[in-house]
Amino acid sequence: MALIVYNSLTRKMEPFVPLVEGQVHMYVCGPTVQDYAHIGHAKTYISFDTMVRYFRHLGLQVRYVQNITDVGHLLDSGEDRILRGAARAKLEPMELVERYMRSYFEDMDALGVGRPDISPRASGHIPEQIELTKRLLAAGHAYEVNGSVYFDVRSWPQYGKLSGRRIEEQEEGTRVAVREEKHYPEDFALWKKAEPDHILRWPSPWGWGYPGWHVECSAMAAKYLGETFDIHGGGIENIFPHNECEIAQAEAAFGATFARYWLLTGSLTLDGVKMSKSLGNFVTIKDVLKQHRPQAVRFFTFSSHYRSPVDYSEEALVAAQRGWERLVGPYLTVRERLIQAGLPAERSRTIEGFVDETRGNFRTAMDDDFNAPAALAVLFDFAKEVNTLLSREAPVGRPDLESIESFYQELVGDVLGLLPHAAAGSADREAGLIRLLIELRAEARQRKDWALSDSIRDRLAAQGVSLEDGKDGTIWKTA
RNA sequence: GGCGACGUCGCCAAGUGGCAAGGCAAGGGUCUGCAAAACCCUCACCGUGGGUUCAAUUCCCACCGUCGCCUCCA
């Protein structure tokens, strides 16, 4: 395994060596399902999806767990985000959660983000969270006050090891509003007592209440991946306090290393400012997909490294769309060529060699902390070579076309998820009809009936199908 | 105020101690009935000032600027 990753825990590039050879256990912080997912979520989850795809490409077995936060996420006012949303929409809290969770999966499906192997919900793991809290109490790392339980940060000297913060430094901070019942400002809630109007509540050894936000990740990761597992992912903005608290809880409770590698993605900004709930400046995935194809969003994500901050703009997405078209162009052409009969049957040594070389370069790029932009550059070089090859006089043989096609399917398709979805069912019929029109147009062109041939092309264009005439016939593409 | 990241062509962006990938845009050309696509050519000395070195965009220091976190957020 030549894969190197940047581990935020050690702040170094490190060879990635799974705990169990051949297996990757990976946990990524999922969304709080209280609103529609935005383009920042898209960046994060496309990035991790691509890591999973790449691991599988390398032949590793992956268990990918991503939680759904549907309880416990409080506003600074002390209000529960889910409850507030539900009250506003006049819905049951779980009705609200269900709505946005479905919407989230819809969006991810549309973006070609593979479903996690397990999508545990916080509300479905209350006993596990209570159990973890009990352990921490027993170990002396937590205390109970008035039916709430807090983690005792001062009992855990390693608190701050991920984010590089020393708790003493925070004391000068202007804003930490000391909650009366906490022993220390940095202590955080493991379990909160439910006030009378708080209807999301469960019974516990400390009375009716609900779990704090951070516990769910520690409890669920441990349950499905073990007390020690390989990768913990998430957005960099959650490094403190969320990720820091996760580590503290889990390691204090289990006495074992929590995640071994921390891979955190850079934030996405909109016009230079981070998109966030509180600022209300967010663009939803659904809105973006009304204007752009999902592959353009993925391409946009890959155009910078996953750890870099990225600024989103309409122009950037248009550029991504163009780039994507260029990248995928040769594949579409090759696919059309393969339909034709009478292709030469010879195999060319040089093409085989070039395909293998490119695959190697692609892996070198991805092995370097999933350097997708560098991987794209490799693929662009390949695309250019293929284009040159296809525009030569001598027709390319079937075996060569097939190896180009499968190269694309393997890397551009399976790993990066950038190929158009395969035609199936009624799409086959549509393709047949378009080819029929192309044939009729070819006959018109033979007769130099430019009026008819241009009319066919224009009217297809109006339907979102563009035609490109080449040496060996006409290629069609959909918008 | 504290912690962290970053500043590379008009825009996006990779990268290395030894003369800087790729994409978008732009200009010129080839091909084409036209168009589109494709192909060829052109297009940067890497924020500023010091230092280390035979040699720095790449290492160190300072400064300027941008962004993230420290409060909910992927």
Side-chain angles (χ1 to χ4, degrees), chain A residues 8 11 28-32 34-35 37-48 66 69 73-77 79 81 160 163-166 168-177 186 213 233-242 244 264-269 272-279 282 299-300 302-305 307-311 313 315-316 318-327 329-330 332-333 365 368 371-381 383-384 386-388 390-392 445 448-450 453-454 457-458 461 466-471 474-475 477:
Chain A
S8 291
R11 281 164 221 167
V28 172
C29 287
T32 301
Q34 44 149 357
D35 207 334
H38 55 63
I39 186 74
H41 294 109
K43 174 195 187 309
T44 300
Y45 297 126
I46 287 170
S47 297
F48 288 114
Q66 185 191 107
T69 299
H73 212 152
L74 300 184
L75 293 164
D76 46 4
S77 60
E79 244 183 318
R81 307 178 74 83
S163 60
R165 275 166 228 268
R166 302 299 320 144
E168 305 84 60
E169 287 166 355
Q170 308 297 316
E171 287 190 82
E172 293 298 319
T174 47
R175 85 301 132 185
V176 178
E186 295 296 311
W213 174 37
I236 186 75
E237 68 281 346
N238 276 335
I239 191 170
F240 189 91
H242 182 62
E244 196 65 66
L264 305 176
T265 57
S267 296
L268 181 141
T269 56
V273 182
K274 201 190 75 168
M275 238 189 275
S276 66
K277 305 274 157 69
S278 56
L279 294 172
F282 64 93
F299 187 100
F300 170 73
F302 301 145
S303 68
S304 63
H305 188 91
R307 280 189 281 117
S308 302
V310 174
D311 194 48
S313 67
E315 300 74 54
V318 169
Q321 165 91 26
R322 296 263 166 75
W324 175 78
E325 284 168 7
R326 180 174 167 73
L327 179 67
L332 299 176
T333 307
D368 183 16
N371 192 334
L376 281 185
V378 169
L379 295 176
F380 273 111
D381 289 342
K384 176 173 279 191
V386 173
N387 277 330
T388 301
L390 292 172
S391 57
R392 276 196 201 138
R445 292 180 72 211
K448 298 200 193 298
D449 184 350
W450 309 129
S453 83
D454 288 353
R457 186 171 62 194
D458 293 346
S466 57
L467 302 186
E468 295 169 9
D469 300 324
K471 276 193 174 55
T474 299
I475 300 295
K477 295 174 179 169

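Letters go in sequence order (proteins before strands), and every chain restarts at 1.
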Between [options], which nucleotide gets closest to the side-chain atoms of [X]?
X      : options             : value
A:S304 : B:A36, B:A74, B:A13 : B:A13
A:T269 : B:C70, B:C67, B:C24 : B:C67
A:D469 : B:C70, B:A74, B:A35 : B:A35
A:A377 : B:C12, B:C39, B:A21 : B:A21
A:R457 : B:C69, B:G22, B:C34 : B:C34
A:P373 : B:C40, B:C70, B:A13 : B:A13

Under-3.5 Å donor-acceptor pair between [X] side chain and [N] base:
X      : N     : value
A:D454 : B:G33 : yes
A:T44  : B:A74 : yes
A:N238 : B:C72 : no
A:R326 : B:C24 : no

Residues A:I236 and A:S267: closest non-hydrogen pair is CG2-OG, 3.7 Å
Minimal non-hydrogen separation, A:A320 against A:F299, with atom names
O-CD2, 3.5 Å
Rounded to whole angstrom, note down the [atom1] distance from [N] over to [M].
N     : M     : atom1 : answer
B:C45 : B:G10 : P     : 9 Å
B:U48 : B:G7  : P     : 13 Å
B:U52 : B:U58 : P     : 15 Å
B:C43 : B:C9  : C1'   : 8 Å
B:G1  : B:U8  : C1'   : 32 Å
B:G68 : B:A25 : P     : 29 Å
B:U32 : B:U42 : C1'   : 24 Å
B:A62 : B:G23 : C1'   : 36 Å

Contact check, side chains of A:I46 and A:F300, non-hydrogen atoms, under 4.5 Å:
no
Less than 4.5 Å apart, any side-chain heavy atom of A:W450 and any of A:K448?
yes
Partner nucleotide of [N] by Watson-Crick or wobble geometry (both distances under 3.5 Å):
N     : answer
B:A74 : none
B:A37 : none
B:U32 : none
B:C6  : B:G65
B:C59 : B:G51
B:C19 : none
B:C46 : none

Is the A:H38 ring parallel, tilted or perpendicular to the A:F282 ring (thresholds 30°, 60°)?
tilted
Over all strands shown, is [X] touching base, sugar-phosphate only, or nothing at heavy-atom distances under 4.0 angstrom?
X      : result
A:A319 : sugar-phosphate
A:F300 : nothing
A:G329 : nothing
A:G233 : nothing
A:L467 : base
A:K384 : sugar-phosphate
A:L268 : base
A:H305 : sugar-phosphate
A:R445 : base

Of A:V28 and A:N387, whose closest RNA chain B nucleotide lies nearer the 5' terminus?
A:N387
Position toward the 5' end of RNA chain B (nearest nucleotide), A:K448 or A:G235:
A:K448
Taking [atom1] from [X] and [atom2] from [N], how many angstroms apart are they, rounded to a whole number?
X      : N     : atom1 : atom2 : result
A:E468 : B:A37 : CD    : P     : 7 Å
A:N371 : B:A13 : CG    : P     : 13 Å
A:F380 : B:C39 : CZ    : P     : 11 Å
A:F299 : B:A14 : CZ    : C1'   : 13 Å
A:E186 : B:G2  : CD    : C1'   : 12 Å
A:I239 : B:C72 : CD1   : C1'   : 17 Å
A:F302 : B:G23 : CZ    : C1'   : 15 Å
A:F240 : B:C69 : CZ    : P     : 13 Å

So is the aromatic ring of A:W450 stacked onto the base of B:G33, judging by whether the centres are under 5.5 Å apart and the planes are under 30° apart?
yes
Please report the C-alpha distance between A:Q66 and A:F48 in whole Å, then the side-chain angles of each, then the deciding distance to 0.1 Å, and finally whether the side-chain contact (heavy atoms from CB on, under 4.5 Å) criterion is met.
CA-CA 10 Å; A:Q66 185 191 107; A:F48 288 114; 6.0 Å; no
Distance check: side-chain N/O of [X] vs OP1/OP2 of [N], anything under 4.0 Å?
X      : N     : result
A:R322 : B:C12 : no
A:S308 : B:A14 : yes
A:T32  : B:A74 : yes

If you apply the rule side-chain contact (heavy atoms from CB on, under 4.5 Å), what do you find for A:E468 with A:L332, and how did you get there?
CA-CA 11 Å; A:E468 295 169 9; A:L332 299 176; over 6 Å; no
Keeping A:K477 on the side-chain end and A:G329 on the backbone end, is there a donor-acceptor pair under 3.5 Å?
no
Backbone N or O of A:P373 within a donor-acceptor pair of the A:S303 side chain at under 3.5 Å?
no
Salt bridge A:D454-A:R457, side-chain N to carboxylate O under 4.0 Å:
yes
